[in-house]
Amino acid sequence: MLLRRDLIREYVILPAICRATFASMNSRDTAKKPWTGRFTAPTDAFVEAFTASVDFDRRLYRQDIAGSIAHATMLGAVGILSDAERDAIVAGLEGIRRDIDRGEFNWSVALEDVHMNVESVLTERIGPVGKKLHTGRSRNDQVATDLRLWLREETDIVLDELKRLRQGLLAVAEREAATIMPGFTHLQTAQPVTFGHHMMAWYEMLTRDAARFTDVRGRLNHMPLGAAALAGTTFPIDRAMTAGLLGFDAPCANSLDAVSDRDFVIEFCAAASLLMAHLSRFSEELVLWSSAQFDFVDLGDAFCTGSSIMPQKKNPDVPELVRGKTGRVYGHLMSLLTLTKGQPLAYNKDNQEDKEPLFDTVDTIKGSLRVYGDLVPVMTVKGDAMKEAARRGYATATDLADYLVRRGVAFRDAHEVVGQAVRQAIELGVDLADLPLETLQGFSPTIAADVYDVLTLEGSVQARDHLGGTAPRQVLLAVQAARTALAAEDRARPR
Ligand code: ARG
């Protein structure tokens with residue numbers, strides 16, 4: 001469960017630190033690049049800035065440092081580093097992490113990315129032994145590892161947020177299990193349904209989304225380290241040990257694949273796109289429902305804004321924004337698919353472009369889930385208005401047809417008869433249930449006084465009493481089943 005403190009850190013403090021440090025960066029600083037040996041001329045200033053990724057990939061610093069500590073620990077265990085060397089490296093890395101946490105780290109664009117920034121400051125601080133850290137690895141397996149570690153953590157947060165929203169939906173569904181609303185097809189009133197049933201439809205969609213994220217998490221939890229630049233390394237490394245230290249299920253099985261594919265990023269963004277598709281439909285309904293014309297829900301002042309010119313307005317900005325943000329997530333998915341398609345094996349610099357779309361996707365879905373997790377449980381559900389809308393829409397016409405069928409009339413004939421009855425009711429400006437028995441019998445002599453049981457909205461929803469149906473009893477059963485499944489899902493989650 002995300003604490004408010006964590007959310008503030010995630011959404012407010014870290015981005016602010018990042019902005020501040022970037023603003024203070026100097027692209028012409030004099031930091032020494034670790035790869036200048038074969039070069040005779042310095043990098044062009046603009047090229048240096050153009051090729052750098054540190055302004056966004058320093059977001060991976062915690063994973064980068066965790067990966068380096070695990071790597072150094074393994075190098076120590078297999079005797080490539082002495083215990084003293086390993087200890088100096090680990091302590092140095094921990095100190096760097098503390099400084100970055102506090103915003104006291106001088107990032108350098110000349111050092112290109114998070115990996116070289118951390119490594120170069122490490123060597124500055126602990127001396128030449130810092131240069132031994134990179135033994136048996138490359139930035140290629142390093143960045144792929146960092147990104148998997150980062151996305152694993154973020155996927156867990158997304159799953160927590162999804163769970164919170166799903167629990168909110170279950171609470172509303174339970175409370176409103178018997179609340180009647182018009183159900184729509186073609187946005188025309190079709191048949192009455194219960195509001196709880198509608199909430200459970202949303203619940204089902206989000207449950208599949210959660211399953212997709214869990215699935216992605218399982219596949220991404222393999223460790224690239226050891227692949228080095230592309231072919232592996234000549235050092236006697238212990239990949240299983242490093243994988244264990246970092247909580248990976250196993251090392252990646254092929255070094256070329258390990259450094260070159262970003263399918264886990266794409267899969268995540270595909271799952272995120274479907275999630276946003278669902279949230280966007282959800283948003284569209286909330287926008288409609290909170291209008292004066294529908295008047296089914298009140299979203300609460302805390303989730304709406306006013307108009308600077310029209311004093312009566314209370315705009316559903318939150319659902320509108322979530323609907324709008326869906327576009328950028330789809331866009332990121334398309335960017336990433338396109339990014340990958342032309343790349344020969346193994347690593348190419350193209351892959352540096354994977355981070356910004358992924359980061360923005362994660363931020364967008366976390367924000368959207370968070371705001372819906374807060375909004376859904378507190379929205380006011382206007383039962384009277386929804387019932388009145390269902391009544392006005394002749395929502396029980398199908399029930400009348402079913403009634404005639406039960407009395408031996410063929411469905412197509414029953415359909416015709418009810419159509420005539422609805423036309424008459426429209427002409428008279430009344431509900432079907434308001435037509436006198438004699439009038440109804442004029443349409444079909446098989447109609448008896450018990451017809452009024454099926455013409456009521458309550459009778460209509462109660463009659464759909466089977467698994468997946470809208471009856472209040474079924475909604476409560478569905479809520480119960482969902483709670484059991486959610487608890488099992490929780491127990492099965494890797495931690
Ligand atoms: N910043 C790079 C990226 O995000 C790190 C890997 C760079 N590797 C290299 N050989 N230039 O992909």
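Sequence positions, counted from 1, serve as the residue numbers for this chain. Just follow the structure's listing: the first ligand is 1, and inside any ligand the first atom is 1.
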**OP:** List the closest protein heavy-atom neighbour of atom 10 (N) of ligand 1: residue, atom name, distance to the nearest 0.1 Å.
**Re:** N140 OD1, 3.1 Å
Original post:
Where on D57 is there a heavy atom closer than 4.0 Å to ligand 1, on the side chain, on the backbone, on both, or on neither?
Top reply: side chain
Original post:
Does even one non-hydrogen atom of Q142 get within less than 4.0 Å of ligand 1?
Top reply: no
**OP:** Using a cut-off of 6.0 Å, state whether more than 12 heavy atoms not belonging to E353 lie near its atom CD.
**Re:** no
Original post:
Going by the order shown, which atoms of ligand 1 are within less than 4.0 Å of some heavy atom of D113?
Top reply: 1 (N), 2 (C), 5 (C)
Original post:
Does a sphere of radius 6.0 Å around NZ in K349 hold more than 12 heavy atoms from other residues, nucleotides or ligands, not counting ones at 6.0 Å or beyond?
Top reply: yes
**OP:** Tell me which protein heavy atom sits closest to atom 11 (N) of ligand 1, plus the residue, atom name and distance to 0.1 Å.
**Re:** R139 NH2, 3.5 Å
Original post:
Is the NZ atom of K132 crowded by more than 12 outside heavy atoms at less than 6.0 Å?
Top reply: no
**OP:** Give me the one residue out of V297, D298, T179 that meets side chain to side chain contact (heavy atoms under 4.5 Å, CB included) with K382.
**Re:** D298
**OP:** Salt-bridge test for D83 and R86: reply yes if a basic N is under 4.0 Å from a carboxylate O, no otherwise.
**Re:** yes
Original post:
What about F359 and F56, are their ring centers closer than 6.0 Å?
Top reply: no
**OP:** Starting from atom 3 (C) of ligand 1, locate the nearest protein heavy atom and write down its residue, its atom name and how far away it is, to 0.1 Å.
**Re:** Y347 OH, 3.2 Å
**OP:** Please report which non-hydrogen protein atom sits nearest to atom 1 (N) of ligand 1, along with the residue it belongs to and the distance in Å to one decimal place.
**Re:** Q352 OE1, 2.8 Å
Subject >> Distance-minimising heavy-atom pair for L333 and A270 >> reply: CD1-N, 3.8 Å
**OP:** Show which atoms of ligand 1 fall inside a sub-4.0 Å distance from at least one heavy-atom site of K355.
**Re:** 3 (C), 4 (O), 12 (O)
**OP:** Just jot down the ligand 1 atoms closer than 4.0 angstrom to any heavy atom of S53, in number order.
**Re:** 1 (N)
